[in-house]
Amino acid sequence: MSATYSYNTTEKLKSRKLLDQLFTKGRSVSVFPVKAFYMPLLSDAEVIVQAGVGVSARNFTKAVHRNRIKRLLRETYRLNKAILQEGLQADQKKAAVFFLYIGKEIPDFVTLNELMPSLLNKLAIAIAKA
RNA sequence: CUACAAACCCGAGCUAUCGUUCCGAUUUUAUCGGGAAGGAAAGUCCGGACAGCGCAGAGCAACCCACCGGUUAAUAGCCGGCUUCCCGGUUUUAACCGGGAAAGAGAAAGUGCCACAGAAAAUAACUACCCACGAUGAAAAUCGGGGGAAAAGGUGAAAAUGUGGGGUAAAAGCUCACGGUCCUGAUUGGUAACAAACGGGAUGGGUAAACCUUGGGUGCUGUAAUGCCACAUAUAGGAUCCUCUGAGGGCUGCUCGCCCAAUUCCGCUUCAUGCGGGAAGGGUCCAGGGUAGGCAGCAAGAUCGUGCCAGUAAUGGCAUGGCCAGAUAAAUGAUAGUUUAGAAACAGAAUCCGGCUUAUGAGGUUUGUAGUUUU
RNA sequence: GCGAAAGUAGCUCAUUUGGUAGAGCACGACCUUGCCAAGGUCGGGGUGGCCGGUUCGAGCCCGGUCUUUCGCU
């Protein structure tokens, strides 16, 4: 449990191939203003969950705003990811997840932090069914 | 002192907890230590470094630049000066002082355009003026076609070098004097642009951010360039063209010129050579398959801080100290407290630099304008 | 990262050597009809994305800026 709040390179979703599959074949769950794409992974993966974050450049033209939102998403995921990990560990499953911000206004930390647990619960249930 | 405008400076610090990325050390995968966005990282408007293309030929085209000198790796930037124009002040028309602006070569090589108005917008005769001729008439005068003439004429953004004298039928730079503008010769000062005064000539409206002319300059493509390693595959399918009489490619958009470019066997014929076929190789297109990893480039540099010196300045030289982001779905963050007058603006590196332009909260400095108060 | 194009009426678009900006649809009024549609007549609506410059005069020429779209890798 020492790495509970970590979010380092191995836990990031990096492969271009996986990302392509995730957006073409994966399913999604959303709690406005965040939409989460998910896909089960083979069991030989190193970590339980690989996750990535993103914002559409169409909604936020300034790079500063996109960076801000991505950082908030990473931070709230980092603080709350134990919910998802424990849910998956119970079912012996692994998954890839991508969080996409679909709102049009810049959120603050407090609201996102309150919202993230419910999204992760939803995700855990949906992946368990899949 | 207040308000507004412009330019410049600055673009938060500290503590705790939880995290990210890079480097180093210890150790063996977790600890410890250190570094971690900007003045514009932006727009991509200029200029370079570096790399590749034949270390890149000639002409044309295209594009760019345009007072002079300096600065620099280089520029369309910057600094200093000249000229012209604008504003303000002093005062006697003009000159001087202060501030600002200039895409500032050529309109006297040529072409085009100049709406409306006006006689006419560039070879200026419509009205009025003058002359002689013809017709009518007693005459004054009127009419007609012809010539002279830019001194007068409502317009217009712009109307043919200004004033005065002479001159004439009436007039006119037609001529003279004093000026304006332009070209040119020599003199003096200045590196030069140019300025001063002198001689000769000209008197030609504007527009070159219209075509253009003159002078000068530019090879093209960009770090996803480029080099290397690893992995994978199809000793791979079809069509078509070519193998020195050469498909095709390259050198700059075009032309010229130049360069690169893949060969042998068999049969027939023959002086040379030509024809047919096979194989191999090269190119183009179609269809399909695989990979999408790593290293270098890549961060010590036209570098930053401080001091001295040279220069009016931009800038340069010397000394000394420092090492200051380096990712690849892409780090540099979150929360709480605290300091402060305030923490709130614009905004996120992706090969790297020099400039320009644009955005920018609070505070500070300087300048200008307006108002108030005191002297 | 590199490059290109566009911005004109509510919408879709014209506007050539620079000289008072137009069409179609839509909108409003009237005619027509028992009523509506179609048709006919008339009308309103524009600081030409924004700022500056050249010119006597800019939608048009030049510079800057903003927004949108597209292409290459």
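Here is how names work: the chains are called A, B, and so on, in the same order as the sequence lines, proteins then strands, and each is numbered from 1. The basis for the numbers below is simple: all heavy atoms, side chains too, and nothing from hydrogens, waters or symmetry mates. Fair warning: this is a prediction, and the values are worked out from it, not measured in the lab.
Rounded to whole Å, the P atom of B:G180 lies 34 Å from the corresponding atom of B:G80. Nucleotides B:A66 and B:A209 place their C1' atoms 14 Å apart, quoted to the nearest Å. Spacing of C1' atoms, B:A169 relative to B:G148, comes out at 10 Å, to the nearest Å. Using atom C1' as the reference point in both B:A157 and B:U312, the two lie 45 Å apart (nearest Å). Rounded to whole Å, the separation between the C1' atoms of B:U243 and B:A224 comes to 37 Å. Rounded to a whole angstrom, the distance from the C1' atom of B:G38 to that of B:G317 is 31 Å. Between B:U269 and B:C275, the two C1' atoms lie 8 Å apart (nearest whole Å).
Rounded to whole angstrom, the span from the CG atom of A:Asn113 across to the P atom of B:A334 amounts to 13 Å. For A:Arg66 and B:A42, the CZ to P distance is 13 Å, given to the nearest whole Å. Atom NZ of A:Lys62 and atom C1' of B:G43 are 11 Å apart (whole Å). In this structure, A:Asn80 atom CG and B:A334 atom P are separated by 16 Å, rounded to whole Å. Between the NE2 atom of A:His65 and the P atom of B:A42 there is a distance of 16 Å, rounded to whole Å. As a whole-Å value, the separation of A:Asn67 CG from B:G333 P is 10 Å. At whole-Å resolution of the value, CD in A:Glu114 and P in B:U335 are 13 Å apart.
For a distance-only test at 3.5 Å, the side chain of A:Arg71 fails to qualify as a donor-acceptor partner of the base of B:G19.
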For RNA chain C, the dot-bracket pattern of Watson-Crick and G-U pairs whose distances stay under 3.5 Å, | for other-strand partners: (((((((..((((.....[..)))).(((((.......))))).....(((((..]....)))))))))))).
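For A:Asn121, the side chain to side chain contact (heavy atoms under 4.5 Å, CB included) criterion is met by A:Ile83, not counting sequence neighbours. Residues that satisfy the ring-ring contact (aromatic ring centres under 6.0 Å, His included) test with A:Tyr77, not counting sequence neighbours, are A:Tyr7, A:Phe99. The side chain to side chain contact (heavy atoms under 4.5 Å, CB included) check on A:Arg27 picks up A:Tyr38, with sequence neighbours excluded. The ring-ring contact (aromatic ring centres under 6.0 Å, His included) test applied to A:Phe60 returns no partner, not counting sequence neighbours. With sequence neighbours left out, the ring-ring contact (aromatic ring centres under 6.0 Å, His included) criterion links A:Tyr101 to no other residue. Applying the side chain to side chain contact (heavy atoms under 4.5 Å, CB included) test to A:Val31 and every residue at least two apart in sequence or in another chain returns A:Leu115, A:Ser118, A:Leu119, A:Lys122. Legend: residues meeting side chain to side chain contact (heavy atoms under 4.5 Å, CB included) with A:Ser28, ordered by chain and number and at least two apart, are A:Lys35, A:Phe37.
Proximity note for A:Arg78 (side chain, C-beta onward) versus B:G19, B:A349, B:A347: the nearest is B:G19. For A:Arg68, the side-chain atoms get nearest to B:A334 when compared with the rest of B:C18, B:A334, B:G348. Which of B:G348, B:U335, B:U20 sits closest to the side chain of A:Ser6 comes down to B:U20. Side-chain proximity of A:Glu75 to the nucleotides B:C18, B:A347, B:A349 is greatest for B:C18.
Contact annotation: the side chain of A:Asn113 approaches that of A:Asn80 to within less than 4.5 Å [non-hydrogen atoms, C-beta and beyond].
For B:G371, the glycosidic angle deviates from 0 by more than 90°, giving an anti base.
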Might you list the N or O atoms of the protein lying below 3.5 Å from N or O atoms in nucleotides 327-330 of chain B, with each pair's distance?
unit_1	atom_1	unit_2	atom_2	d
B:A329	O2'	A:Leu13	O	2.9

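Transitive grouping of hydrophobic side chains (ILVMFWY, heavy atoms separated by less than 4.5 Å) brings A:Leu100 and A:Phe32 into a common cluster. By the criterion of side-chain heavy atoms lying less than 4.5 angstrom apart, applied directly or through intervening Ile, Leu, Val, Met, Phe, Trp or Tyr residues, A:Phe109 is grouped together with A:Leu120 in one hydrophobic cluster.
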